[in-house]
*Asks:* 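Dropping a structure here in structure tokens format, bear with me for questions.
Only a predicted model underlies this, so the values are computations on that prediction, with no experimental measurement involved. If you read the sequence from its start, that first residue is 1, and numbering goes on from there.
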Amino acid sequence: MKSLMQTALGADWDKLPTALQAHYRFGTTTDSGHMDIEYPRWMQPCLSALRCLGALVDRRGRQVATVVEKEVVNNRQLWRRTLTYPDGRTCRFDSFWVAASDGQLIEFVNPLLGLRMAPWVEDGRLHYRGVCFVVKLGPWLLPIPEWLVLGHTTIVEEALDDCHFAMDFRLTHPLFGQLFRYSGRFAAESCSSAGSRRGCGCS
């Protein structure tokens, strides 16, 4: 079966390097690596509040060990991210993806709040741009312009070899500049099963 990303990209899927296809293939997979998380100090209260809604990560760090587990349940792709800081504290960031129209995807951080994204391939790299934030009200999706919330989302992923890739996620506001960034390098691996739990903030 095709993965959500493969369906969204269409023929451009074949332009992705092996490592990125492994990252987004259908089924149950695990990626492991290290990430840097950075944001302005004045963003701390906002990010701590967003964590209680299931969004983003509210602790900075360098070379934070990160495991990303993915599985498909019905028409959703579940993402379970576990970050382990050098002091042993852990932080979870879970979300799920669904298909949208026009080759786009929506990542929900909880059953109500999501980000609509448009992916494309350019020079062997996978790019996303945020289209809008959405609020799900029953069968309806209410769009919210990015600038009214945290700003514009950009993601770039690039294969380093057949098994490893680098990713860079940024939120940039038109008035306040870069508000959040996480970036890192990962190995794309398969796995047999993944656990599930959700928390508010870090432990």
Side-chain angles (χ1 to χ4, degrees), residues 2-17 20-21 23-26 31 35 37-40 43 46-47 49-51 53-58 68 70 72-81 93-159 165-184 186:
K2 293 184 177 180
S3 67
L4 288 175
M5 181 59 74
Q6 185 175 0
T7 300
L9 290 176
D12 279 355
W13 171 261
D14 294 330
K15 299 178 183 178
L16 284 182
L20 292 179
Q21 288 193 1
H23 175 44
Y24 287 107
R25 73 174 178 83
F26 182 85
D31 305 323
M35 287 205 310
I37 302 103
E38 54 188 279
Y39 51 85
M43 277 290 293
C46 177
L47 288 170
L50 287 171
R51 277 298 299 147
L53 298 175
L56 299 177
V57 177
D58 63 345
V68 183
K70 290 159 287 174
V72 177
V73 177
N74 297 324
N75 62 343
R76 296 179 175 184
Q77 184 181 47
L78 309 183
W79 291 63
R80 302 183 180 103
R81 306 167 182 88
F93 173 27
D94 298 342
S95 64
F96 66 88
W97 286 19
V98 298
S101 59
D102 302 322
Q104 298 177 359
L105 301 162
I106 301 176
E107 180 174 21
F108 284 94
V109 295
N110 63 45
L112 300 178
L113 301 176
L115 171 67
R116 189 177 183 117
M117 304 175 292
W120 75 96
V121 180
E122 184 177 330
D123 297 329
R125 297 180 178 94
L126 179 64
H127 295 254
Y128 302 73
R129 64 173 179 87
V131 176
C132 63
F133 293 98
V134 297
V135 176
K136 183 173 176 57
L137 301 174
W140 298 284
L141 289 176
L142 175 65
I144 301 175
E146 288 185 305
W147 64 269
L148 282 179
V149 192
L150 293 173
H152 184 53
T153 304
T154 58
I155 306 171
V156 179
E157 296 181 342
E158 179 180 9
F165 65 94
M167 61 82 64
D168 191 320
F169 171 102
R170 303 186 189 215
L171 284 168
T172 306
H173 195 276
L175 296 178
F176 305 114
Q178 183 173 293
L179 298 184
F180 184 88
R181 180 189 182 193
Y182 64 64
S183 58
F186 290 86

*Asks:* List for me each residue that meets side chain to side chain donor-acceptor pair (under 3.5 Å) alongside E157, sequence neighbours excluded, and say none if there are none.
*Replies:* Y24
*Asks:* Could you give all pairs that pass the salt bridge (Lys or Arg N to Asp or Glu O under 4.0 Å) test and reach residues 100-110, with sequence neighbours left out?
*Replies:* R81-E107
*Asks:* Using the side chain to side chain donor-acceptor pair (under 3.5 Å) criterion, which residues pair with W120? Sequence neighbours excluded.
*Replies:*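 In terms of side chain to side chain donor-acceptor pair (under 3.5 Å), with neighbours along the sequence ignored, W120 is linked to E122.
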*Asks:* Suppose we screen for side-chain contact (heavy atoms from CB on, under 4.5 Å). Which residues come up paired with P119, at least two apart in sequence or across chains?
*Replies:*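 Partners of P119 under the side-chain contact (heavy atoms from CB on, under 4.5 Å) test: M5, A8, L9, L105, L126, Y128.
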*Asks:* Output all residues satisfying side-chain contact (heavy atoms from CB on, under 4.5 Å) with P40, sequence neighbours left out; order by chain, then residue number.
*Replies:*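 P40 satisfies side-chain contact (heavy atoms from CB on, under 4.5 Å) with W42, M43 once adjacent residues are dropped.
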*Asks:* Does F26 reach the side chain of T7, with side-chain heavy atoms less than 4.5 Å apart?
*Replies:*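 No; the side chains remain at least 4.5 Å from each other.
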*Asks:* Only counting residues at least two apart or in another chain, list the ones meeting side-chain contact (heavy atoms from CB on, under 4.5 Å) with A166.
*Replies:*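 For A166 the side-chain contact (heavy atoms from CB on, under 4.5 Å) partners, ignoring immediate neighbours, are L160, R185.
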*Asks:* Hey, could you give me each pair passing salt bridge (Lys or Arg N to Asp or Glu O under 4.0 Å) that has a residue in residues 129-147? Not counting sequence neighbours.
*Replies:*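 Sorted pair list comes back empty.
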*Asks:* For the rings on F165 and H23, is their centre-to-centre separation under 6.0 Å?
*Replies:*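 Between H23 and F165, which both carry aromatic rings, the centre distance is below 6.0 Å.
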*Asks:* Is there a side-chain contact (heavy atoms from CB on, under 4.5 Å) between V121 and L20 once you walk through the steps?
*Replies:* CA-CA 11 Å; V121 180; L20 292 179; over 6 Å; no
*Asks:* Please check if the side chain of N110 supplies one atom and the backbone of G54 the other of a donor-acceptor pair under 3.5 Å.
*Replies:* no
*Asks:* Go through the structure and list residues passing salt bridge (charged side-chain N to carboxylate O under 4.0 Å, His left out) with E158, not counting sequence neighbours.
*Replies:*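 R125.
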*Asks:* Taking only distance into account, with no hydrogens and no angle test, what donor-acceptor pairs under 3.5 Å do side-chain atoms of residues 175-182 form with protein atoms, sequence neighbours excluded?
*Replies:*
{"unit_1": "Q178", "atom_1": "OE1", "unit_2": "R170", "atom_2": "NH1", "d": "3.2"}
{"unit_1": "R181", "atom_1": "NE", "unit_2": "D168", "atom_2": "OD1", "d": "3.3"}
{"unit_1": "R181", "atom_1": "NE", "unit_2": "D168", "atom_2": "OD2", "d": "3.3"}
{"unit_1": "R181", "atom_1": "NH2", "unit_2": "D168", "atom_2": "OD2", "d": "2.6"}

*Asks:* Can you list everything that forms a side-chain contact (heavy atoms from CB on, under 4.5 Å) with P174? Sequence neighbours excluded, please.
*Replies:* W147
*Asks:* My understanding is that only residues two or more places apart in sequence, or in another chain, count here; which of them pass side chain to side chain donor-acceptor pair (under 3.5 Å) with K15?
*Replies:*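 Once residues adjacent in sequence are excluded, the partners of K15 under the side chain to side chain donor-acceptor pair (under 3.5 Å) criterion are D12.
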*Asks:* The criterion is side chain to side chain donor-acceptor pair (under 3.5 Å); which residues satisfy it with Q104, sequence neighbours excluded?
*Replies:*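 With neighbours one apart ignored, the set is R116.
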